[in-house]
Protein chains: 4
Amino acid sequence: MRKDGNLRINQFLFDYLTYEVVSLLAERISSESVKVKTGIEELQLINSIRITLRFRVDKMDYVNGPGRNHLFVPGPVNIPDQVIRAMSRNNEDYRSPAIPALTKVLLEDVKKIFKTTSGTPFLIPTTGTGAWESALTNTLSPGDRIVSFLIGQFSLLWIDQQQRLKFNVDVVESDWGQGANLDVLASKIAEDTAHTIKAICIVHNETATGVTNNLATVRKILDHYQHPALFLVDGVSSICALDFRMDEWGVDVALTGSQKALSLPTGMGIVCASPKALEATKTAKSVRVFFDWNDYLKFYKLGTYWPYTPSIQLLYGLRAALDLLFEEGLDNVIARHGRLAKATRYNIFLTLLLFIQACSYESCDLFLLAVEAWGLKNCTQKEEWFSDTVTAVIVPSYIDSSEIVRRAWKRYNLSLGLGLNKVAGKVFRIGHLGNLNELQLLGCLAGVEMVLKDVGYPVKLGSGVAAASAFLQNSTPLIPSRI
Amino acid sequence: MRKDGNLRINQFLFDYLTYEVVSLLAERISSESVKVKTGIEELQLINSIRITLRFRVDKMDYVNGPGRNHLFVPGPVNIPDQVIRAMSRNNEDYRSPAIPALTKVLLEDVKKIFKTTSGTPFLIPTTGTGAWESALTNTLSPGDRIVSFLIGQFSLLWIDQQQRLKFNVDVVESDWGQGANLDVLASKIAEDTAHTIKAICIVHNETATGVTNNLATVRKILDHYQHPALFLVDGVSSICALDFRMDEWGVDVALTGSQKALSLPTGMGIVCASPKALEATKTAKSVRVFFDWNDYLKFYKLGTYWPYTPSIQLLYGLRAALDLLFEEGLDNVIARHGRLAKATRYNIFLTLLLFIQACSYESCDLFLLAVEAWGLKNCTQKEEWFSDTVTAVIVPSYIDSSEIVRRAWKRYNLSLGLGLNKVAGKVFRIGHLGNLNELQLLGCLAGVEMVLKDVGYPVKLGSGVAAASAFLQNSTPLIPSRI
Amino acid sequence: MRKDGNLRINQFLFDYLTYEVVSLLAERISSESVKVKTGIEELQLINSIRITLRFRVDKMDYVNGPGRNHLFVPGPVNIPDQVIRAMSRNNEDYRSPAIPALTKVLLEDVKKIFKTTSGTPFLIPTTGTGAWESALTNTLSPGDRIVSFLIGQFSLLWIDQQQRLKFNVDVVESDWGQGANLDVLASKIAEDTAHTIKAICIVHNETATGVTNNLATVRKILDHYQHPALFLVDGVSSICALDFRMDEWGVDVALTGSQKALSLPTGMGIVCASPKALEATKTAKSVRVFFDWNDYLKFYKLGTYWPYTPSIQLLYGLRAALDLLFEEGLDNVIARHGRLAKATRYNIFLTLLLFIQACSYESCDLFLLAVEAWGLKNCTQKEEWFSDTVTAVIVPSYIDSSEIVRRAWKRYNLSLGLGLNKVAGKVFRIGHLGNLNELQLLGCLAGVEMVLKDVGYPVKLGSGVAAASAFLQNSTPLIPSRI
Amino acid sequence: MRKDGNLRINQFLFDYLTYEVVSLLAERISSESVKVKTGIEELQLINSIRITLRFRVDKMDYVNGPGRNHLFVPGPVNIPDQVIRAMSRNNEDYRSPAIPALTKVLLEDVKKIFKTTSGTPFLIPTTGTGAWESALTNTLSPGDRIVSFLIGQFSLLWIDQQQRLKFNVDVVESDWGQGANLDVLASKIAEDTAHTIKAICIVHNETATGVTNNLATVRKILDHYQHPALFLVDGVSSICALDFRMDEWGVDVALTGSQKALSLPTGMGIVCASPKALEATKTAKSVRVFFDWNDYLKFYKLGTYWPYTPSIQLLYGLRAALDLLFEEGLDNVIARHGRLAKATRYNIFLTLLLFIQACSYESCDLFLLAVEAWGLKNCTQKEEWFSDTVTAVIVPSYIDSSEIVRRAWKRYNLSLGLGLNKVAGKVFRIGHLGNLNELQLLGCLAGVEMVLKDVGYPVKLGSGVAAASAFLQNSTPLIPSRI
């Protein structure tokens with residue numbers, strides 16, 4: 001780097017401190033006629049600075065607020081400490097007997113979260129977007145007609161992918177906040193006696209709007225018309241949290257991502273294929289290599305399981321995550337998600353009622369404003385679509401929902417989800433999935449109330465928490481391991 | 001172990017599974033005439049069981065509930081993730097240049113939490129109890145008269161120690177819930193013109209009752225009478241959380257434990273001695289070896305710092321904890337404790353007022369009971385003694401406070417402090433010290449409300465959270481690093 | 001699960017223990033007429049077993065040997081403790097300001113490991129195989145003619161991918177153990193005046209055979225003929241360990257994986273594109289979505305950086321890994337790899353010489369066998385191709401190299417690389433890349449000697465370590481931070 | 001950043017950078033008339049610096065060399081990764097049911113490492129020095145006559161403690177390098193028909209000189225004369241590594257520290273008392289509070305187990321450490337220590353022999369020097385005393401052994417033990433205890449050879465590793481879990 005006079009400060013120190021600071025230091029040193037000539041002397045000079053610095057700076061972190069971050073985005077979600085511990089380890093040779101033995105059991109166990117016995121799972125080093133691509137390219141050919149439902153940002157992105165992968169996408173659009181229009185599906189299927197429709201692609205739970213689609217009905221429609229279309233399901237924000245039944249509903253490909261209800265870090269796309277889906281790979285002409293299931297199947301047969309290097313840490317993490325899920329019981333986990341979601345909705349949407357009651361005794365400065373302007377609504381338009389993993393809340397038009405998210409993070413160390421695309425600025429989202437319990441949620445709701453007040457919304461503090469508590473105090477079971 | 005027939009199962013497996021299960025296994029195997037003869041075969045048998053088990057059982061934990069444990073005992077407290085990370089490391093040679101270099105800076109920095117420049121700190125591998133013993137035995141001789149204040153369980157335990165160490169303890173007792181009676185101190189000091197009193201021992205913050213004593217007044221009394229008694233302070237649940245000024249208040253020995261407001265694991269007693277206290281070691285005849293400061297001082301001079309092996313992990317942890325404290329700013333940390341404490345007290349003790357208001361519109365079945373029986377009170381009897389690190393809450397006589405603590409843990413994964421000794425069953429305690437923020441506290445308060453309702457106390461859910469939120473929404477600053 | 005008599009054991013326990021064991025337990029219990037009727041009682045029964053088990057089983061691990069695993073496969077490699085610590089953390093909202101701020105600096109810093117200022121890096125949640133696919137599909141169209149060199153298993157796999165992605169691959173094959181035949185390249189380029197060759201694809205370091213190709217020469221050939229072909233380089237087992245100069249050598253796409261010399265877990269494919277490569281994306285017709293660079297570039301412009309969820313942990317890990325690299329100095333890191341590689345080669349290939357000397361004093365039972373059969377050779381056929389990150393060792397024909405790898409793992413907790421494909425059974429590989437030092441390597445070499453003896457190879461124990469030590473004792477510098 | 005005049009840099013930044021650097025910065029800025037007035041602006045200024053710095057500095061560490069530290073001091077020793085993981089956790093309420101349940105099992109299991117069924121263990125938050133004090137003060141009264149053996153630095157320190165605790169210590173001294181003189185003990189016991197001797201205090205393994213004493217003989221002497229003296233044993237560097245049998249040898253108090261063969265961090269003194277020792281507490285008049293066993297026993301009876309706060313992390317760590325010990329099998333662990341120790345001794349002390357052989361074929365420049373001056377000897381004078389946990393090596397008089405230790409750390413990242421007190425500068429020590437395996441040891445030995453050569457000792461590189469390998473290649477079993 002800079003060589004002014006006799007001073008050469010090495011690259012590391014230059015990078016380590018800002019240019020500004022080091023150049024000042026350099027000036028001072030040179031003005032004092034320090035003669036630093038040999039490498040050793042130079043190093044000693046630098047080390048004397050480093051020794052002073054080194055023990056001071058170990059832990060700086062942009063997210064340092066006092067206390068914990070309250071993570072309520074709908075993914076990535078909180079990782080249980082047990083899983084963090086399980087993952088805190090060195091790499092291993094993935095060709096030793098240990099990793100195949102671990103993988104074998106994982107593949108068997110992971111089928112349980114899909115509720116399948118006949119499916120074949122793949123643990124792909126990718127994200128949900130990659131899992132989508134894997135589902136499509138392994139089963140379909142360019143030009144294939146597929147029916148896909150546009151109901152929010154994530155279904156939009158999947159459709160975008162479908163189109164860029166050159167499928168002939170028959171888009172069924174709903175208002176954002178509504179579920180997939182299955183009536184339209186029914187008529188399309190009814191009409192398609194020639195079986196030109198090769199696949200139905202549907203997002204089980206649209207994370208952008210908090211809408212859960214009814215998969216059982218999709219299956220009923222297909223069965224009713226004895227239609228052979230493949231049934232491909234994005235379960236990214238549903239599997240392990242919502243009721244999902246791969247075999248019973250005849251799902252052909254289901255997929256999720258590790259960072260959602262499984263409560264792991266991002267990096268593993270978990271895809272499960274029915275026998276019919278595996279059969280479809282034989283004729284699917286979409287170009288694929290990294291995502292090709294057949295490369296996996298070849299190594300499954302060899303018993304070495306991996307066509308390329310897996311993340312050792314995610315495998316151990318998945319083991320720990322499944323242990324926790326099975327210890328709690330998958331159905332108990334799903335019930336817990338239902339309980340927390342209901343508490344969230346009670347909180348937000350019963351607030352109005354409580355507020356009106358409250359006004360009978362409170363100083364009523366805000367009364368008119370509240371009654372006139374309130375309209376705090378669930379983005380999800382009907383109860384049948386209410387999502388148990390994420391609630392999208394519509395804010396009044398005079399408030400920018402992004403400001404709520406920003407302020408929650410800056411003042412209360414609370415991470416909420418932004419409104420996306422069409423609903424940007426209009427909704428914020430509370431993710432209530434993964435490794436969460438009642439008091440974590442109530443802390444979040446108390447925080448949301450404070451932020452709402454911060455941004456000028458006339459919420460009665462505590463009113464929502466009261467409603468949620470009332471529900472939870474009635475419905476929360478004892479922790480089984482502590483009975 | 002057991003050798004039934006041909007089967008020998010090794011010690012590990014025997015330990016690993018219960019006796020019950022393995023003996024059943026042994027029976028079955030022997031009944032099937034399995035012939036296991038050689039060590040290798042035996043091992044293979046056992047390994048075949050272990051291979052099945054090993055990846056399933058890695059993460060069992062007695063405290064597994066879904067989500068986080070909400071830790072609100074007044075110690076040990078929540079450890080920041082940054083500190084857990086810093087401590088997650090192998091041992092090191094404590095005689096290499098690295099550990100003395102680290103220690104040197106730590107000793108310098110740790111003085112800041114005592115607000116001293118003239119004090120000498122000791123980082124002793126012990127607990128608060130050991131730190132007490134260190135303070136007493138290094139400065140006093142058996143038979144010495146000391147004045148000590150009994151105001152709760154922890155001052156009681158310290159007095160018990162003082163007596164067992166053979167000091168002549170002049171106990172000044174107050175009701176539990178009151179502070180140290182400094183009027184009595186003043187008269188004792190006034191009378192003691194012969195200077196028979198060698199030391200004043202006082203607990204800054206009595207953790208059992210949530211009482212903070214006024215140390216500045218103690219110093220004023222001593223100064224007023226120009227009394228030379230040593231001034232020994234237990235700052236276990238105060239230092240790093242409450243206003244504490246070693247030099248300004250003329251404290252001679254101050255001490256704390258790593259697991260309190262410093263937010264580390266237990267295992268380091270941090271003791272700081274004034275020059276006068278160091279001088280006193282020369283004449284103090286109490287027998288001491290492990291706790292002898294002079295052994296430390298000898299190694300301080302050598303620059304190797306440690307008379308015996310320190311915990312490498314706690315040293316790095318202390319570095320990280322101090323970094324976080326200094327980044328937030330010690331005065332900001334103290335202000336945060338004040339804010340959270342006030343929110344806790346508002347929550348609990350304004351609830352009555354809110355409840356009465358609420359009754360004007362609520363179905364009033366519980367009204368009479370509430371008004372007659374309520375009496376939810378702070379154990380601390382006057383505002384001047386209110387503690388900013390722990391609040392002890394008196395429950396109605398028809399409720400056993402232990403049941404509250406038990407149920408909080410069993411149902412809501414919430415850890416509260418028990419009532420101790422005289423107030424056992426009568427109070428429960430909320431610790432609000434260390435690495436905490438607003439939403440964590442509000443989650444705790446929501447949980448306390450639910451537990452109160454569980455045990456039959458007619459609390460209006462949300463009422464306390466409402467009061468606390470109202471205060472916090474007004475007083476919480478932006479997180480400085482995120483502005 | 002099973003309901004024999006009155007016993008219902010829940011799913012978890014069933015999963016937790018083997019079927020075998022629990023069914024025995026069930027029999028016993030039922031035979032003893034245990035009446036377990038209510039859910040609570042059942043739970044208590046199960047919990048009584050779990051309480052006994054739970055604290056015993058936390059840490060079982062298939063790879064538990066005493067002491068550390070010695071990881072000398074050529075990837076995944078040892079992760080420094082500092083990096084493991086940095087990654088041991090909860091998820092975060094990747095849309096908060098923190099993650100973009102972190103990413104921005106990472107993208108800037110990661111360019112240094114490629115030695116580029118004009119390149120654009122992408123941190124893709126994938127493996128090396130995905131990084132390959134990203135390099136190809138973003139810059140080329142189906143049918144494009146590319147020249148590719150087959151010199152070992154990994155270049156073979158890349159070529160397989162190129163063919164499956166429908167490129168017209170002009171394969172230049174060498175014997176396994178030789179480098180890419182650049183004379184053939186030169187003539188192809190010379191002949192291609194029509195510029196039908198769209199890209200040269202070359203593996204910088206073939207991990208299967210320990211062969212390093214000369215990239216500077218490739219550039220010279222292209223420049224000499226002013227040929228516009230893109231220059232795509234697999235740097236998976238070279239970047240951060242071998243001399244690599246993206247800008248100077250005019251490389252258009254370079255890529256590596258996080259689990260190689262960067263010493264991170266698997267899961268991040270790091271790809272860097274020259275301006276010319278970015279330009280090529282505009283005309284490249286290969287279908288791509290997950291791997292599409294333009295999706296990244298769109299988010300780079302927005303300042304949010306991520307088209308889909310990154311691994312928070314890998315980002316912090318990369319930060320820590322780069323800090324360590326820059327602290328040591330990239331050129332020092334490369335020099336260290338050269339030193340350790342040379343020591344490995346000295347060890348293995350000077351052993352013959354030492355053995356002959358040794359035979360002059362040793363009991364010479366093995367002499368004839370040794371002299372006749374030895375032939376322990378480097379798979380790499382010429383010094384110009386010697387790899388500084390992996391050494392592939394040819395074993396005598398009467399030994400199966402897989403047995404060496406198996407035995408190293410089973411007896412000495414040493415992980416070596418298998419021979420792959422054409423050289424399966426014939427070579428084993430020592431990976432000496434990533435976060436390693438001299439004594440770790442010498443421990444490995446001592447282990448290899450013992451394994452060689454185990455499998456009947458007449459090695460003189462210590463002879464190789466002696467040669468390696470002699471070299472290292474001369475060439476190892478002081479650790480800069482400790483001078 | 002910088003701009004204009006009246007600069008106030010806050011405390012954090014001031015602490016964060018060195019005084020030196022910041023004062024330079026301040027000067028420069030003020031000279032440029034930076035005007036920074038409001039708190040917000042100041043904060044933004046500072047944050048702009050921090051944003052640049054924060055992601056760069058997370059992982060600096062004084063001990064950063066490339067690769068691992070090779071830790072071969074005789075304590076603190078390497079912690080297994082499984083234990084580091086188990087300890088990487090938040091605090092918990094130690095009064096919840098979880099910690100007593102964990103403690104109960106630990107107390108039962110820890111008895112196995114003492115080979116006692118009748119003993120009562122105490123897990124005291126202290127170091128070995130504190131464990132000594134606990135053993136003495138709970139069983140003896142000031143003025144009691146005790147026989148104690150001075151054979152090295154640690155027995156010296158214990159005797160110093162005994163004297164400072166006011167016992168009447170009858171010191172039996174041996175040359176450093178010899179074991180305890182049990183003949184003298186026998187005659188003292190024979191003469192003491194009045195039973196004035198109240199206790200025999202002996203260090204099982206003197207860590208300073210690598211000497212193991214014969215405890216069975218001590219018991220035989222006491223039994224022969226039917227002498228009732230208590231038998232107190234420091235097992236700090238022996239228990240879990242050497243053959244130790246509390247019940248069989250009639251040991252009354254045995255103790256160790258967590259950071260030795262148990263392979264945990266420092267911080268837990270593990271003391272086990274026989275029924276006779278517990279009986280002795282009733283009459284022992286030594287003043288004790290923190291170390292008083294009766295405080296523990298009171299809480300054992302209550303089932304809450306802890307008189308004061310334990311380290312939650314060390315409890316979980318102990319659980320994991322015991323699991324690993326029992327999985328390997330305590331006797332296998334002891335055998336492994338024997339194997340590694342023998343390999344170390346073979347290495348060092350057979351080197352001469354090998355060297356002479358080697359000289360028959362090597363260039364013999366160093367021959368005369370080697371043969372004349374060599375004298376590399378074990379500090380332990382007879383085989384009967386050889387320690388299997390530490391080897392103290394005597395260096396030639398022209399070498400300062402401290403230079404060996406310094407250089408090993410500075411050049412090879414190898415941590416060796418210094419010579420202490422009488423043998424300072426004369427010996428260095430290799431600790432080979434705790435979680436170690438064969439290749440780790442061989443790496444260390446290769447390093448020692450290089451350091452010896454560095455400091456001018458004419459060692460033949462590889463000669464010692466050769467001898468150790470020869471022994472280990474014959475004696476190392478397969479890893480049981482991998483058969």
Side-chain angles (χ1 to χ4, degrees), chain C residues 51 55-62 64-68 70 82 86 88 101-102 105 319-320 323-324 327-328 333 336 357-358 360-361 409-414 435-440 442-444 446-447 449-450 453-454 461-463 465-467 469-470 472-473 476 478-479 481-483, chain D residues 51 55-62 64-68 70 82 86 88 101-102 105 319-320 323-324 327-328 333 336 357 360-361 409-414 435-440 442-444 446-447 449-450 453-454 460-463 465-467 469-470 472-473 476 478-479 481-483:
Chain C
I51 284 165
F55 292 119
R56 309 203 142 271
V57 297
D58 198 44
K59 287 295 132 194
M60 283 218 60
D61 217 314
Y62 193 51
N64 284 353
R68 295 194 179 285
H70 300 265
Q82 295 92 334
S88 183
L102 171 57
V105 184
R319 180 66 270 155
D323 283 347
L324 287 173
E327 185 185 355
E328 189 178 355
V333 170
R336 174 166 53 80
Q357 293 179 321
S360 61
Y361 71 90
W409 191 72
K410 284 192 171 189
R411 194 174 192 208
Y412 302 107
N413 210 348
L414 169 63
N435 190 256
L436 274 185
N437 61 26
E438 288 73 17
L439 302 199
Q440 286 176 279
L442 292 173
C444 164
E449 292 182 354
M450 293 199 290
K453 191 144 193 176
D454 281 5
L461 293 175
S463 56
V465 172
S469 297
L472 292 171
Q473 195 262 339
T476 303
L478 292 187
I479 298 171
S481 62
R482 299 186 186 173
I483 291 173
Chain D
I51 284 165
F55 293 118
R56 309 202 141 272
V57 297
D58 197 47
K59 288 293 131 197
M60 282 217 61
D61 218 313
Y62 193 52
N64 285 352
R68 294 193 180 286
H70 301 264
Q82 294 91 333
S88 182
L102 170 58
V105 184
R319 180 66 271 158
D323 283 348
L324 287 173
E327 184 184 354
E328 189 179 354
V333 170
R336 174 166 54 80
Q357 294 180 321
S360 60
Y361 70 90
W409 191 72
K410 284 191 170 189
R411 195 175 190 205
Y412 303 107
N413 211 347
L414 169 62
N435 190 256
L436 273 186
N437 60 26
E438 289 72 18
L439 302 200
Q440 284 175 281
L442 292 172
C444 165
E449 292 181 355
M450 293 199 291
K453 191 143 195 178
D454 282 5
K460 172 166 154 40
L461 292 175
S463 56
V465 172
S469 298
L472 292 171
Q473 196 261 338
T476 303
L478 292 187
I479 298 171
S481 62
R482 299 186 186 173
I483 290 171

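Proteins come first, then strands; the chains are lettered A, B, ... in the order of their sequence lines, and each starts at number 1.
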Most heavy-atom pairs under 4.5 angstrom with chain D, which of Val333(C), Leu436(C), Leu414(C)?
Leu436(C)
Region of Arg68(C) in contact with chain D, defined by heavy-atom distances below 4.5 Å
both
Ser88(C), Ser469(C), Cys444(C): which one forms the most heavy-atom pairs within less than 4.5 Å of chain D?
Ser469(C)
Would you say Gln440(D) and His70(C) make side-chain contact, with heavy atoms under 4.5 Å?
yes
Shortest non-hydrogen contact from Arg411(D) toward Ile479(C)
O-CG1, 4.0 Å
Could you tell me which portion of Leu478(D) (side chain, backbone, both or neither) has an atom closer than 4.5 angstrom to a non-hydrogen atom of chain C?
both
For Val465(C) and Ala446(D) the tightest heavy-atom approach is CG1-CB, 4.2 Å
Can you tell me how far the CD atom of Glu449(D) sits from the NZ atom of Lys460(D), to the nearest 0.5 Å?
9.0 Å
